[in-house]
Asker: 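Quick one: structure below, then a few questions.
Hydrogens, waters and symmetry mates play no part in the numbers below; they use all other heavy atoms, side chains included. The shown structure was predicted, so the numbers you read here are calculated from the model rather than taken from an experiment. Per chain, numbering begins at 1; letters A, B, ... match sequence-line order.
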Amino acid sequence: MQLLNEQEIERRKDRESLMQLGIDPYPALSYPINASAADIHKNYENRKNDYKNISIAGRLMTRRIMGSASFAEIQDSSGRLQIYVRRDDICPEEDKTLYNTVFKKLLGIGDFIGLKGFIFTTQTGEISLHVQELTLLSKSLKPLPVVKRDEEGNVYDGFTDPELRYRQRYVDLVVNPEVKDTFVARSRVISSMRRYFDDHGWLEVETPILQQVHGGAAAKPFDTHHNALDIPLFLRIANELYLKRLIVGGFEGVYEIGKMFRNEGMDRTHNPEFTSMEIYVAYKDYNWMMEMVEDLLGQIAQAVLGQTQAKVGENTIEFAGPYRRLTMFESIQEYAGVDVSQMDEKALRAVCADMGVEVDDSMGKGKLIDEIFGEKVEDHLIQPTYITDYPIEMTPLAKKHRDKPGLVERFELFVNGKEIANAYTELNDPVDQRERFEEQLKLAARGDDEAMAMDEDFLRALEYGMPPTSGLGIGIDRLCMMLTNKSTIQEVLFFPQMKPEKKVQVATDDDFIARGIHPGLVPAIRELNIHTLDQLRGQNPNKLFNDVCGKRKKLKLEAPNPTKDEVENWINGA
RNA sequence: GAUUCCGUAGCUCAGCUGGUAGAGCAUAACACUUUUAAUGUUAGGGUCCUGGGUUCGAACCCCAGCGGGAUCACCA
């Protein structure tokens with residue numbers, strides 16, 4: 001049961017009327033299509049002879065009715081096409097019902113229709129379809145927001161409320177064409193990335209989403225339970241440790257593009273489920289990986305934008321490599337003016353205090369350096385920049401630097417002040433790896449709730465031997481944000497997570513009748529804005545009695561007035 | 001999680017100092033055979049987010065809640 005507004009009631013009546021005319025509003029059929037709106041606009045001028053028998057389908061989006069002729073627009077997945085509908089063309093016989101009643105009165109904006117006819121150019125120069133045959137394919141019962149655009153492309157009655165746009169993305173996609181463009185771009189980002197990896201011979205794989213140990217990253221997981229095994233399970237926060245097991249197993253290049261789940265806060269750059277790409281290639285190190293990433297991102301930008309530059313907010317980003325490389329210590333030296341490379345924890349805390357960087361007691365040396373970096377450096381890294389050689393404490397899965405003690409071979413790629421990729425020369429020494437996990441356990445004991453958990457099976461795999469390997473992770477959503485110039489993650493996710501929509505449980509007529517209300521009085525109850533049984537229960541009996549009798553008179557209802565006792569019984573449910 | 005702004009017709013938004021709820025588009029009716037933000041005339045459409053409070057009187061003031069945006073914190 002739902003409350004219908006005026007326009008929804010009207011459309012339901014139209015649906016009934018169509019059926020009475022013998023027209024199925026939802027016919028079961030295949031409608032053959034031989035052209036799209038975009039194809040017609042692109043090719044009609046040069047190949048006019050090919051557009052004399054067009055069959056096309058789409059959603060009716062506007063109508064301009066002028067007596068016995070009308071202009072309208074339909075929208076298919078490629079765009080819009082103006083159609084010209086003339087009464088005597090679609091109704092060549094005596095009976096003009098199809099035009100006068102069906103097209104003019106019973107169809108509405110949002111309905112799917114199929115059309116046959118020929119393409120021509122109107123006096124005002126618009127390429128249009130002259131309709132000879134019209135078929136209703138699906139009736140729309142809810143009114144679409146009507147977005148108007150003038151010749152300059154100015155939008156007049158936009159569908160702009162972010163809440164409605166995200167909750168009803170289907171409507172957003174119908175009326176805001178640039179939204180569709182964003183998601184087409186997203187799809188191209190992923191497909192061009194996949195093509196790049198496949199062309200290099202690396203294998204796309206799938207690893208468990210339901211995991212018994214949530215490893216590979218520092219984050220809070222979603223937990224669930226498997227009934228048959230009676231064990232707790234977690235949605236993965238990362239897939240790194242599984243992909244490395246596959247390298248142990250003998251694959252020389254594996255990658256996975258998939259959803260990760262983190263039970264943390266949400267904002268314009270975080271959604272509880274997000275898409276990441278992780279790739280591991282054997283016999284490589286992080287220097288090789290930096291060159292690969294430059295090549296990859298240049299090619300993706302080219303595939304998505306047709307060029308390697310992207311406008312992101314105020315900035316123009318050049319994705320073609322090579323990218324600038326800075327060690328973490330160099331970057332802090334450059335942007336914060338401090339050499340932290342030789343500092344111990346105490347000295348670092350003093351530096352943080354100096355700079356007004358907030359810290360707490362659970363933070364180790366690595367975390368403190370990361371805080372300084374985040375506060376002072378990140379925002380400056382606009383053009384793609386590799387930050388390399390991180391402190392060992394904050395990177396338990398990366399190999400120790402080949403000649404810089406206390407550091408690991410890791411880089412992060414920053415673009416427009418945001419991290420979009422993270423890569424290591426992977427740690428493959430099982431003894432070192434066990435020690436690193438143990439260090440993490442100590443951090444956990446100290447209060448760091450993001451410290452990584454020990455994964456014994458992963459250690460066992462490493463003990464069998466993993467070749468030297470470089471691994472990379474890219475946040476797909478953020479990459480898409482950059483390449484589509486969007487500032488929120490919601491704009492690149494079809495269905496971003498939202499708080500539940502509050503749903504009022506509207507009572508049906510039968511619900512009211514079951515409480516003893518005379519069927520003829522239900523309209524009076526609804527007229528009083530009592531739509532749920534809860535609302536009914538909250539009524540004052542005397543007031544309700546008076547109101548119902550008043551409404552009965554006003555609405556001229558046939559049903560007899562209730563007695564006061566009856567009204568009390570409605571409320572008490574007796 | 002904190003701060004702050006917002007919630008009025010299907011959509012986009014007005015609504016003065018607290019005094020009978022408004023517009024454009026959409027919808028309905030009539031007219032109109034090349035319009036394109038079609039046009040002209042007319043009509044209907046509201047739980048002013050919800051619940052309390054103040055007041056003779058609340059869309060408006062106060063309190064609480066729900067939902068959303070922005071900023072900040074954490075994380076990718």
Asker: Could you state the CZ-C1' distance from Arg11(A) to rG45(B), rounded to the nearest angstrom?
Answerer: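 The answer, rounded to whole Å, is 15 Å.
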Asker: Under 3.5 Å, is there an N or O donor on one side and an acceptor on the other linking the side chain of Asp477(A) and the base of rA76(B)?
Answerer: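 When only heavy-atom distances are counted, Asp477(A) does not reach the base of rA76(B) through any donor-acceptor pair under 3.5 Å.
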Asker: Less than 4.0 angstrom between a side-chain N/O of Arg262(A) and OP1 or OP2 of rC74(B), yes or no?
Answerer: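 For rC74(B), neither OP1 nor OP2 has a side-chain N or O of Arg262(A) closer than 4.0 Å.
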Asker: Under 4.0 Å, heavy atom to any atom of RNA chain B: which of residues 488-495 of chain A qualify?
Answerer: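 Going residue by residue through residues 488-495 of chain A, the ones with a heavy atom under 4.0 Å of RNA chain B turn out to be Thr488(A), Gln490(A).
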Asker: Contact class for Lys418(A) vs. all strands (heavy atom < 4.0 Å): base, sugar-phosphate, or nothing?
Answerer: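 Contact class for Lys418(A): none.
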Asker: With sequence neighbours left out, write down each residue that passes salt bridge (charged side-chain N to carboxylate O under 4.0 Å, His left out) with Glu256(A), or none if nothing qualifies.
Answerer: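 Partners of Glu256(A) by the salt bridge (charged side-chain N to carboxylate O under 4.0 Å, His left out) criterion, ordered by chain and then number, come out as Arg236(A).
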Asker: Does Lys148(A) have a side-chain nitrogen or oxygen under 4.0 Å from the phosphate oxygens OP1 or OP2 of rA38(B)?
Answerer: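 True: Lys148(A) side-chain N/O within range (under 4.0 Å) of rA38(B) OP1/OP2.
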Asker: Given the ring of Tyr424(A), does Arg410(A) sit roughly above its face, with NZ or CZ under 6.0 Å from the centre of the six-membered ring and within 45° of the axis?
Answerer: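 Geometry flag: not set, cation outside 6.0 Å or 45°.
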Asker: Contact class for Leu164(A) vs. all strands (heavy atom < 4.0 Å): base, sugar-phosphate, or nothing?
Answerer: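 Result for Leu164(A) = sugar-phosphate.
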Asker: Using a 4.0 Å heavy-atom cut-off across all strands, classify Gln123(A) as base, sugar-phosphate, or nothing.
Answerer: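 Result for Gln123(A) = base.
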Asker: Other residues, nucleotides and ligands only: do more than 12 of their heavy atoms fall within 6.0 Å of NZ on Lys42(A)?
Answerer: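 Check fails, neighbour count at 12 or below.
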Asker: With heavy atoms under 4.0 Å as the rule, sort Arg149(A) into base, sugar-phosphate or nothing.
Answerer: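 Counting heavy atoms under 4.0 Å across all strands, the contact made by Arg149(A) is with sugar-phosphate only.
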Asker: Determine which nucleotide pairs with rC72(B), using a 3.5 Å limit on both distances of a Watson-Crick or G-U wobble pair.
Answerer: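 For rC72(B), the partner nucleotide comes out as rG1(B), under the 3.5 Å rule.
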Asker: Regarding Phe120(A), tell me which of base, sugar-phosphate or nothing describes its non-hydrogen contacts under 4.0 Å with the strands shown.
Answerer: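 Result for Phe120(A) = base.
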Asker: Have a look at Asp161(A) and say if it touches a base, only the backbone sugar-phosphate, or nothing, with a 4.0 Å heavy-atom cut-off.
Answerer: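 If one applies the 4.0 Å heavy-atom cut-off, Asp161(A) turns out to touch the sugar-phosphate alone, with no base involved.
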Asker: When we call it a touch if two heavy atoms are under 4.0 Å apart, what does Thr160(A) touch: a base, just sugar-phosphate, or nothing?
Answerer: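 Sugar-phosphate: the residue Thr160(A), judged by heavy atoms under 4.0 Å, touches backbone atoms but no base.
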Asker: Heavy atoms only, 4.0 Å cut-off, all strands: where does Glu10(A) land among base, sugar-phosphate and nothing?
Answerer: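 Sugar-phosphate only.
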Asker: Using a cut-off of 4.0 Å on non-hydrogen atoms, how would the nucleic acid contact of Asp370(A) be classed: base, sugar-phosphate, or nothing?
Answerer: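 Nothing, no heavy atom under 4.0 Å.
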Asker: OP1 or OP2 of rU34(B) sitting under 4.0 Å from any side-chain N/O of Arg64(A)?
Answerer: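 Checking Arg64(A) against rU34(B): no side-chain N or O falls below 4.0 Å of OP1 or OP2.
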Asker: Provide, to the nearest angstrom, the distance between the NZ atom belonging to Lys499(A) and the P atom belonging to rG65(B).
Answerer: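 Going from NZ in Lys499(A) over to P in rG65(B) covers 12 Å.
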Asker: Using OP1 and OP2 only, check whether a side-chain N or O of Lys220(A) sits under 4.0 Å from rC74(B).
Answerer: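 Checking rC74(B) against Lys220(A), no side-chain N or O comes under 4.0 Å of OP1 or OP2.
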Asker: Does any nucleotide pair with rU33(B) by Watson-Crick or G-U wobble geometry, both distances under 3.5 Å, and what is it?
Answerer: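 Because no pair has both required distances under 3.5 Å, rU33(B) counts as unpaired.
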